Amino acid sequence: METQDRHIADRFGHDMDKVARDTEARLKTYFDTLLAIRGTFSVHGQMSRADFHRYVAELHLTERYPGFQGIQWVLRVPEAELPRHVATVRADTGIVPGGYPDYRIHPVIERAEHYPIVYTEPMAGNENAFGLDLAALPAHLRALELGRDSGELVATERITLVQDASGQPGFIARLPVYRKNVPLGTVEQRRDALVGFVAIVFRVTDLMREVIEPQLLSHVHVVIHDTGYVLDGTPPTPTIDGLLFDSAGKLGGAREARRTVPGLLSKAVLNVGQRRWLLQVQGYDGSRYGRGHETIYLIGGCGFLISTLIGVLLVTLQRRRALAHTLRAALEEQRALQDSAVVGIGLFSDGRIVRCNRGLEEMLGYPNGTLAGQPTTMLVPDGSDPFDCGLAGQRMHRELELTRRGGDSLWCIVNGRMLDRQAPDKGCVWVLCDISDRRHTEAALESTLHEVAQQKEQVEEAHRELSNVLHQLRQAQDTLITSEKMAALGALVAGIAHELNTPIGNSLLTATALADMVADFERQLEGPGVRRSALEAHLNDAKTACGIIAGALGKAADLITSFKQVAVDQTSDQRRRFDLASVVHDTLATYSAQLRRAGCEVRVDIPGNLDCDSYPGSISQVLSNLINNALLHAFVGRPDGLVTIAARALDGDMVELRFMDDGVGMNHRTLHQIYDPFFTTKMGQGGSGLGMNIVYNIVTGVLKGSIRVESTPGSGTAVVLMLPRTVPHAAAA
């Protein structure tokens, strides 16, 4: 019974595959015909009605393609060209001399594009489809748009053909035709290039009666459902609305009532023009798929008798065969394990190699099977026999140098053990592991360690030398920084002396003139008398002289006061409260002579309420270095320049002090090295290379702030200082 069931299942599976294959093959043949028609349109452009009629007539549809209901040409017609299209068809006398005066587009709808059926072959029996506008039918329109956008063949859902009065289900397969020599790579390009569609009309019942052999159809129940487009992604679920074919007959009509075999049900999903057809086949109970009970009874009786007679023999043979198979498999596995091992394994006895695995032969460089039976002296340089486990049969372990086939040496770790202590003549089993790489690595490692030790000594000596050089460089840096400060102070003193020379000289000149006027007035008093006009003139001259002397000495006093404050702050470096604007103005006053000689204008934009608790001397030193840098570097080749000093309060008790000039600016390399000690672009021309290094150290070290420099060549330079208004006491200490 099981055998018959298997045969029935195999036969049914074969029949199911045949139905599915025949259906797909027949549809492919029909669709290839559609491709050929499209190829004709693509090559020749628009095909006339007469040419289309002759082409279809040559196909001999009735004899060769009985599944066809008709072949159609659907033209894409814009709304504006619809009247001209109707007139053209009515006047077409290619087949009928009188043309088609009754041709019309039906049903009448208003839309941008229409898809009327222009050619239909054969015309007889398909008159209702002539002029049918597929754009008015949603099922047809969706299939047209899908085919237009994809460029591939597309089928409609289950439809009732307008030209078929029987009401049987059918479908239409269409293929888009595009204009010649236009790109079709994108959806938009395909939409613009669409000309129309070639189509084949199918009646599913006729198609399947042609595909399935009548003899087979009498034994199976075939049902086909259309379950929607593939791109919809819905599961293939059969519904009554999607029923395309039922071999038992029309629903609600006369149907063949036959019993099917339980379990003989098979399903297949076919892709037909981008739609999924669910093909279900069941087998009828009968001569093809029914059981032969007489055969079952006969085979059962004979089988029982035969089984009784030969049962013992079968069991015995099976056991012997199983034992032999197990033994053979064990031997093969043991041999495979030995040959696949990465170590060498060999049986040595009485100074000879009895047998060995493939790993030992590969390790020593010998071909397969050549070592067995060879003396062990060919493996040992001194000719001794190291593969002797001793009389006690204890396990042996040592490192041994062997000779390979080519004559080079090979270092191995060998482990040996007697095969059978009761029979020493059977020999010893040895396992050899190649350690040549380890030996080479150890030798190389010893050499490397010696080199590393030497290099370490050299590095330590170089480190000591570099430490001494660094100490000397730091001493030289400190000396140069002190010299830079003294040079700046010397330049400051020289500028102050020059500034004081003018008011003091004016005072001295005015005082001398006043002394001469007093002496002249005394001579007038010693004379006969002094006129009132002379006395008044003398008093006016004396007032003028006193005013000049007072103004000049006041200016000198202001310069001396500013100089004293700057000098005291720079030398004492004492922390105190001060007004930032006052410190900036005092510092600028000491550099007024140098700025004036350089033609440099200074603009100050600092509010008067920026009180700080910090080191004014350090701020003055920073400004002095920035002014000197600007005078030395910023205005090269220019008779004048502009320096702007601005400050503003920030959140978090911080102040931003910005020093800007409109000079030549700096390139990226100079900006990158500006804080490096001894780096200057004026080496030998008055630059020491410590000005910005001192500024950086004072700002970050003493004032606990930060500094950044912004500059591009030709656009000037801005030095931005971010300073705390109150230096932390712990940091100050």
Side-chain angles (χ1 to χ4, degrees), residues 31 34 37-38 41-42 45-47 49 52 69-92 100-121 123 126-164 169-179 182 184 186-203 226 228-232 241-242 272-275:
F31 294 161
L34 201 58
I37 300 174
R38 183 175 75 168
F41 272 91
S42 299
Q46 180 66 33
M47 184 186 296
R49 187 182 304 275
F52 188 80
Q69 181 72 16
I71 299 179
Q72 299 173 344
W73 166 243
V74 180
L75 184 64
R76 176 190 184 188
V77 181
E79 175 74 21
E81 299 179 7
L82 202 59
R84 184 169 62 87
H85 165 73
V86 173
T88 301
V89 175
R90 289 177 177 177
D92 187 354
Y100 303 94
D102 298 330
Y103 175 76
R104 62 184 179 85
I105 304 298
H106 61 90
V108 178
I109 60 169
E110 292 185 2
R111 55 176 284 116
E113 292 181 340
H114 299 268
Y115 295 97
I117 299 175
V118 181
Y119 303 163
T120 178
E121 293 293 339
M123 178 66 79
N126 293 313
E127 292 85 353
N128 293 338
F130 187 42
L132 178 65
D133 188 357
L134 302 179
L137 306 175
H140 292 271
L141 180 60
R142 185 184 181 192
L144 292 175
E145 292 175 343
L146 182 59
R148 173 198 64 191
D149 294 343
S150 64
E152 299 176 356
L153 184 140
V154 62
T156 64
E157 62 185 38
R158 175 185 183 272
I159 60 174
T160 301
L161 305 177
V162 296
Q163 62 269 43
D164 186 6
F171 74 98
I172 302 176
R174 298 189 179 94
L175 198 62
V177 177
Y178 301 99
R179 293 197 304 273
V182 295
L184 303 173
T186 65
V187 174
E188 294 299 328
Q189 291 173 344
R190 290 191 287 271
R191 290 181 178 179
D192 293 339
L194 182 68
V195 176
F197 294 85
V198 291
I200 297 178
V201 182
F202 294 93
R203 191 159 52 192
D226 182 285
Y229 285 105
V230 176
L231 60 84
D232 292 340
D241 294 333
V272 179
Q274 305 186 48
R275 294 193 68 85

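Excluded from the calculations below are hydrogen atoms, water molecules and symmetry mates; all remaining heavy atoms, backbone and side chain alike, are included. This one's a predicted model, so the numbers in the text were calculated from it and none came from an experiment.
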- With the side chain counted from C-beta on, respond yes when Pro176 and Val198 share a heavy-atom pair under 4.5 Å apart, and no when they do not.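 Of all side-chain heavy-atom pairs linking Val198 with Pro176, none is under 4.5 Å.
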- Query: What class does the angle between the rings of Trp73 and Tyr119 fall in, given that below 30° is parallel, 30 to 60° is tilted and above 60° is perpendicular?
  - Reply: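 Ring orientation of Trp73 relative to Tyr119: tilted.
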How long is the gap from [atom1] on [X] to [atom2] on [Y], to the nearest 0.5 Å?
| X | Y | atom1 | atom2 | answer |
| --- | --- | --- | --- | --- |
| Ile105 | Leu82 | CD1 | CG | 5.5 Å |
| Leu137 | Thr156 | CG | OG1 | 10.5 Å |
| His85 | Tyr103 | NE2 | OH | 3.0 Å |
| Ile200 | Leu153 | CD1 | CG | 8.0 Å |
| Met47 | Phe41 | CE | CZ | 4.5 Å |
| Ile117 | Gln72 | CD1 | CD | 4.0 Å |

- Tell me, with the steps shown, if Phe130 and Asp102 meet side-chain contact (heavy atoms from CB on, under 4.5 Å). CA-CA 10 Å; Phe130 187 42; Asp102 298 330; over 6 Å; no
[X] to [Y] - nearest heavy-atom pair and separation:
| X | Y | value |
| --- | --- | --- |
| Tyr115 | Leu141 | CE1-CD1, 4.3 Å |
| Ala155 | Phe171 | CB-CD1, 4.1 Å |
| Ala193 | Val182 | CB-CG2, 3.5 Å |
| Phe31 | Ala173 | CE2-CB, 3.5 Å |
| Tyr229 | Val154 | CE2-CG2, 3.8 Å |
| Ala136 | Pro107 | CB-CG, 3.5 Å |

- Task: With sequence neighbours excluded, give me every salt bridge (Lys or Arg N to Asp or Glu O under 4.0 Å) pair touching residues 186-195.
- Result: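 Those involving residues 186-195 are Asp149-Arg191, Glu188-Arg191.
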- Asp226: partners by side-chain hydrogen bond (donor to acceptor under 3.5 Å, both in side chains), with sequence neighbours left out: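 Arg275, Trp277.
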- Would you say Glu81's side chain and Pro78's backbone share a donor-acceptor pair under 3.5 angstrom?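 It does not hold such a pair.
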- Hey, does the side chain of Arg49 reach the backbone of Val118 with a donor-acceptor pair shorter than 3.5 angstrom?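 Yes: the side chain of Arg49 pairs with the backbone of Val118.
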- Please test Asn126 against Gln69 for side-chain contact (heavy atoms from CB on, under 4.5 Å), starting from the C-alpha separation and ending with a verdict. CA-CA 9 Å; Asn126 293 313; Gln69 181 72 16; 4.1 Å; yes
- Query: Can you check side-chain contact (heavy atoms from CB on, under 4.5 Å) on Glu113 and Leu144, steps first, answer last?
  - Reply: CA-CA 12 Å; Glu113 292 181 340; Leu144 292 175; over 6 Å; no
- Message: Once side chain to side chain donor-acceptor pair (under 3.5 Å) is applied, what residue pairs with a partner in residues 130-148 remain, sequence neighbours excluded?
- Response: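 The answer is His114-Asp133, His140-Arg174, Arg142-Asp232.
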